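Predicted model only: the values in this text are computed from it and were never measured.
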Amino acid sequence: MAGGFANSDLGKRAELYQGRITGYFILACLVGSLGGSLFGYDLGVSDPVVGTFYRSSLSANLSLHWVGAGGVTSMDDFLREFFPTVYRRKQAHLRETDYCKYDNQLLTLFTSALYFAGLVSTFGASYVTRKYGRRASIMVGAVSFFCGGVVNAAARNIAMLIVGRILLGVGIGFGNQAVPLYLSEIAPPKIRGAVNQLFQLTTCLGILVADIINYFTERLHPWGWRLSLGLACVPATLMFVGGIYLPETPNSLVEQGRLETARQVLEKVRGTDKVDAEFQDLVEASEAARAVKHPFRNLLRRKNRPQLVIGALGIPAFQQLSGMNSILFYSPVIFQSLGFGTGAALYSSIITGSMLVLGALVSMATVDRFGRRALFMEAGIQMILSMVSDNNLPFCPPAAGATKNRVVVAVTLALKFGHGVVLSKGLAVLLVLAICTFVAAYGWSWGPLGWLVPSEIFPLETRSAGQSMVVCVNLFFTAAIAQCFLASLCHLRWGVFVLFAGLIVIMSLFIFFLLPETKQVPIEEMSHLWANHWFWKRIVLSDVDDDKPSNRTHV
């Protein structure tokens, strides 16, 4: 089979793992997963590049990632103070559907500053995560995010806004680098998928909460936008305070040579002193980790080629190229063009955010039962159908009174959208249902799995470096799309929907042929998967000298 299988020896020691779900473990997961709420709240509260119309400034890092309709960059008070040109253009075209209305590079640069800051900071986060532990990076991220929220809420000019965005970006760079690793390492193998996806769930909840807050603060003139930005300090404070009591992962403690403490934490998290098998796996992995002096360079070795191609490059890039920027971020434009007022667009975005939360819950409930590949493949088909065709939508019921001649969404937009024409009620309902279907599929596949799979496939010796590459590539494509998407949309118009549908086909084939199933495989034994995969085994097994200590110490 294309996905490949592990051999019969895989996980024999894992069968000896013991433990139960303890209150200490639950507390660690809840506090650790708050890192997703930082990312989600910032996405929802401030990143639409002109909110209800300019949703395309982000990409989907949701994990993901979309922004709430009516974010502060769509609030008139905010635009008048910092971007008067955009405000005047918005007022001049209030009743028109114009692809190029918000094509403003300064405004997109303001948004992209966060992602460029996160991209750079994740390399510093890699050092902190490896040297001082996952918990230290989480707390550094919380402090930086708190400071960014304060500076943005008090901003008097664009310079202060950008400084605040940079601080927020540093917080996200540290948080996104450490939190998925923390959750994957603290979790037992049998429920690792569900536990890791708490990051995606809190991200989605952060977006939804931000949408609701923006809905009310938009009515608080002229300072409502300051309240929206300032409330970002709340999840940052909760994460920092919780982090004081957060245990370090046993994997990280072993990596630092603190073996006795690592065993004590492992026993406390698992609720049993019978942890010999799991602890031995950690110690053996740590011996290889300490031998590697240059983890980033080690990522380039042939034995790590699958993790590099799949985890560090392919999945984080494809997560941002899934089309969420056209479907999710631009959906408020569609809602506006359908004749909805601003309030209706906000309600629609809250409903769409709820779909993301629902998708995350579905993924948590099924990922360790059906596996990662099944969710990827099912969602790929559903997303393609949602992007291109509105026939037989699998998630939402058919619209009452819809015409029999259902057409391709892209053609509908080509004929009706972008010309100031209000779509008919039937077509409007069909487009909204297509958006619901797409968001739900993304919510249980590329959103959460885009963070889960990379965090579990890297060996301990390159795990912090690998996760930094994941965040770096993710934020790079996010920033690139943020800066270029609206200009591209202005020229390609409805063709972007066809473009992203084609990319989803490529993404699905990538997963089908190159990713083996990783469910319930201990992360310290993940190397067996590559050695028995139909394609990767020819590469990883040819690097026969990689396991020699003399070679590893001189990487």
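Side-chain contact between K519 and V367 is absent, with no heavy-atom pair separated by less than 4.5 Å. Using a 4.5 Å heavy-atom cutoff, the side chains of L198 and M364 are in contact. Taking the side chain as every heavy atom from C-beta outward, R305 and V540 never approach each other to under 4.5 Å. Using a 4.5 Å cut-off on side-chain heavy atoms (C-beta onward), T202 and L34 make no contact.
Ion pairing of R165 with D42 is present here, as a side-chain N (NZ or NE/NH1/NH2) and a carboxylate O approach within less than 4.0 Å. Salt-bridge formation is not detected for the pair R134/E248: no Lys NZ or Arg NE/NH1/NH2 atom is positioned less than 4.0 Å from an Asp or Glu carboxylate oxygen. Checked for salt-bridge contact, E278 and R270 meet the test: a charged N lies under 4.0 Å from a carboxylate O.
The backbone N or O of G447 lies less than 3.5 Å from a partner atom in the side chain of Q319, making a donor-acceptor pair. In this structure a side-chain-to-backbone donor-acceptor pair under 3.5 Å is missing from T122 to A125. Side chain of E185 to backbone of P250: no donor-acceptor contact under 3.5 angstrom is found.
L119 is linked by a side-chain contact (heavy atoms from CB on, under 4.5 Å) to C472, L475, F476, counting only residues two or more places apart in sequence or in another chain. With sequence neighbours left out, R20 forms a side-chain contact (heavy atoms from CB on, under 4.5 Å) with T22.
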Take F145 and L167 through the test side-chain contact (heavy atoms from CB on, under 4.5 Å) and record every step on the way to the result.
CA-CA 6 Å; F145 198 89; L167 290 172; over 6 Å; no

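Cation-pi geometry between R135 and Y182 is not met at under 6.0 angstrom from the ring centre and within 45 degrees of the axis.
Between F296 and F123, the gap from one ring centroid to the other is short of 6.0 Å. If you look at F535 and F513, their ring centroids are not closer than 6.0 Å.
Annotation for T462 and N298: closest pair CG2-OD1, 3.2 Å, computed over non-hydrogen atoms.
Using a 30° and 60° split on the angle between ring planes, Y442 and F438 fall in the parallel class, below 30°.
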